[in-house]
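To start, the structure itself, in structure tokens.
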Amino acid sequence: MNRDGGWPVERLVHKEVSGGIATITLDSPRNRNALSVRLLGDLEDRLDWALAEEGVRVIVLTGTGPVFCAGADLKEQRAEPGGDAHGAPVTASFPEIMNMIWNSPKPVICRLNGTARAGGLGLVAACDFAIAPDTASFAFTEVRLGVVPAMISVTVLRRLDPRAAAEYLLTGETFGAARAQEIGLLTRAVPAEELDATVAHYADMLLRGGPEALAITKQLVRQVPGLPVEEGMRRMAELSAQRFTSAEGQEGIAAFMEKRPASWIPRPGETSGPE
Ligand SMILES: CC(C)(COP(=O)([O-])OP(=O)([O-])OC[C@H]1O[C@@H](n2cnc3c(N)ncnc32)[C@H](O)[C@@H]1OP(=O)([O-])[O-])[C@@H](O)C(=O)NCCC(=O)NCCSC(=O)C[C@@](C)(O)CC(=O)[O-]
């Protein structure tokens, strides 16, 4: 029993931290990690934790079961037989979750445990890296359900090649992992047995970068292409000068000159088991 006298509600999203890497795991395989109100609530809570925790430097988002995420929970979105559909539960917290991942100053790696559909692909596109087994399949199924890929378009259209975006968002056709990599949805499609090593390789490379430098570079990747060239050059020269004189920049340069690993602050945090 919990403090309120009720039975504890089992979490649908778990967290674990090891060596500066927080792993957040969607764990509702029964409905293929569909974006139910409960799962979204737990996911927001776990992201809040990972973003606030000083020792967490990299976030890995993954799932259990054969599917990473099947998109909006269609059982929740369906009206009672004969009743009217009142509101759409998925629209309450999903936008904020996508914002949290997109704007996270800590890099986020999506480790797809398998296939993804619709809203699940919005999460994939929000993450900075997406690594999937080469057996996974993908589809933007919304139009086939008579709904639209509205919220997810905000992240997906920033990743996908425009021709491919029109093709797959309009047709709802299923495509494989190699094609997903080709069109910009995935960073890498790898044999399943190489999935964990590939994720660990990216996480390790990210831990070598200065935390502030990574957070700023993440913004540059998104914002600089939208700047006019002259204004971009001026603003970036100012930013570059600030970074050379920052404590983090000076530590990185000193480490190079002294032939030693850089000592970044915050340092990777304590390890704690699954929760
Ligand atoms: C994912 C595969 C390929 C796995 O395929 P599979 O592994 O063969 O699994 P399955 O199809 O046998 O499903 C297993 C169980 O998961 C349930 N399930 C499965 N998906 C959902 C779901 N979304 N919501 C609720 N329940 C779901 C499904 O109903 C079933 O429950 P059971 O019959 O055993 O009780 C298949 O299950 C599938 O195609 N699912 C539907 C995917 C889909 O079309 N999702 C669209 C969601 S709409 C959306 O996301 C809108 C949004 C957010 O993008 C809008 C916006 O951006 O604005």
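Order of listing sets the numbers, starting from 1, for every ligand and every atom in it. These numbers come from the heavy atoms of this one structure, side chains and all, not from hydrogens, waters or symmetry mates.
Pocket lining of ligand 1, defined as residues with a non-hydrogen atom under 4.0 Å away: R30, N31, R32, A34, V67, A70, G71, A72, D73, L74, K75, R117, A118, G119, T141, E142, L145, V148, P149, A150, M151, I152.
Inter-residue side-chain proximity for T25 and K15 is flagged as unmet; no heavy-atom pair is nearer than 4.5 Å.
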F129 vs Y202, test: ring-ring contact (aromatic ring centres under 6.0 Å, His included). Steps then yes/no. CA-CA 8 Å; F129 297 80; Y202 277 100; 5.2 Å; yes
- request: May I have the step-by-step check of salt bridge (Lys or Arg N to Asp or Glu O under 4.0 Å) for R260 and E251, ending in yes or no?
  value: CA-CA 11 Å; R260 60 169 174 83; E251 164 57 16; 2.8 Å; yes
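The number of heavy-atom neighbours closer than 6.0 Å to CZ of R78, taken from other residues, nucleotides and ligands shown, is 12 or below.
Remark: F94 engages no residue in a ring pair (Phe, Tyr, Trp, His ring centres under 6.0 Å) (not counting sequence neighbours).
Using a 3.5 Å distance cut-off with no hydrogens or angles, the side chains of S28 and N33 do not pair a donor with an acceptor.
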